[in-house]
Amino acid sequence: APNVVDYMPVGPDYGISKLEPPEHFLGKRVGDLDLRARYGLTLLLIERKEKVLLHPRLDETVQPGDLLVVVGLDEAMEGLRAS
């Protein structure tokens with residue numbers, strides 16, 4: 001997928017992806033994205049320039065240039081990438 005920067009399998013059908021957030025995520029708070037309910041994914045961290053935001057707060061805003069690291073079913077990641 002074009003927005004995936006890195007991927008690591010962690011078990012059958014599960015993986016960790018580092019990806020560029022979809023355009024419609026930019027400017028939104030992590031809590032409003034509700035990745036677990038909408039996509040079945042858990043956000044582990046946001047990589048922002050030289051900084052890593054481990055377990056980002058719900059009020060953290062996704063910014064241009066951020067990379068999201070998520071874990072979950074490969075199928076769920078495909079759903080996020082297609083959104």
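Keep in mind it's a predicted model, so treat the numbers as computed, not measured.
Residue L33 is grouped with residue L26 when hydrophobic side chains (ILVMFWY) are merged at heavy-atom distances under 4.5 angstrom, including chains of intermediate members. Residues V69 and M77 are members of separate hydrophobic clusters, defined by side-chain heavy-atom contacts under 4.5 angstrom among Ile, Leu, Val, Met, Phe, Trp and Tyr. In terms of hydrophobic clustering, with Ile, Leu, Val, Met, Phe, Trp and Tyr side chains grouped at heavy-atom distances under 4.5 Å, L68 and I16 are assigned to different clusters. Both L54 and M8 are assigned to one and the same hydrophobic cluster, defined by single-linkage of ILVMFWY side chains at heavy-atom distances under 4.5 Å. The hydrophobic clustering, which links ILVMFWY residues whose side-chain heavy atoms are closer than 4.5 Å, places L43 and V52 apart.
Here the CG-CD distance, from L73 to E78, works out to 11.5 Å after rounding to the nearest 0.5 Å. Separating the CD1 atom in I46 from the CD atom in E60 is a distance of 5.5 Å, to the nearest 0.5 Å. Rounded to the nearest 0.5 Å, atoms CZ (F25) and OG1 (T61) are 13.5 Å apart. To the nearest 0.5 angstrom, S17 atom OG is 10.5 Å from L44 atom CG. Atoms CD and CG, from E23 and N3 in turn, are 11.5 Å apart once rounded to the nearest 0.5 Å. Note that CG of D34 is 9.0 Å distant from CG of L58, once rounded to the nearest 0.5 Å.
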Step by step, work out the side-chain contact (heavy atoms from CB on, under 4.5 Å) result for L41 and R36.
-> CA-CA 5 Å; L41 297 170; R36 188 170 302 206; over 6 Å; no

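Around atom OH of Y14, no more than 12 heavy atoms belonging to other residues, nucleotides or ligands sit under 6.0 Å away. Environment of CD in E75: sparse, with no more than 12 heavy atoms of neighbouring residues, nucleotides or ligands closer than 6.0 Å.
Between L45 and P56, the shortest heavy-atom distance links the atoms CA-CD, 3.9 Å. For the residue pair P21 and D66, the shortest heavy atom distance occurs at CD-O, 3.1 Å.
No donor-acceptor pair under 3.5 Å is formed between the side chain of D13 and the backbone N or O of D74.
Two residues are said to be in side-chain contact when any heavy atoms from C-beta on lie closer than 4.5 Å; L53 and R48 meet this criterion.
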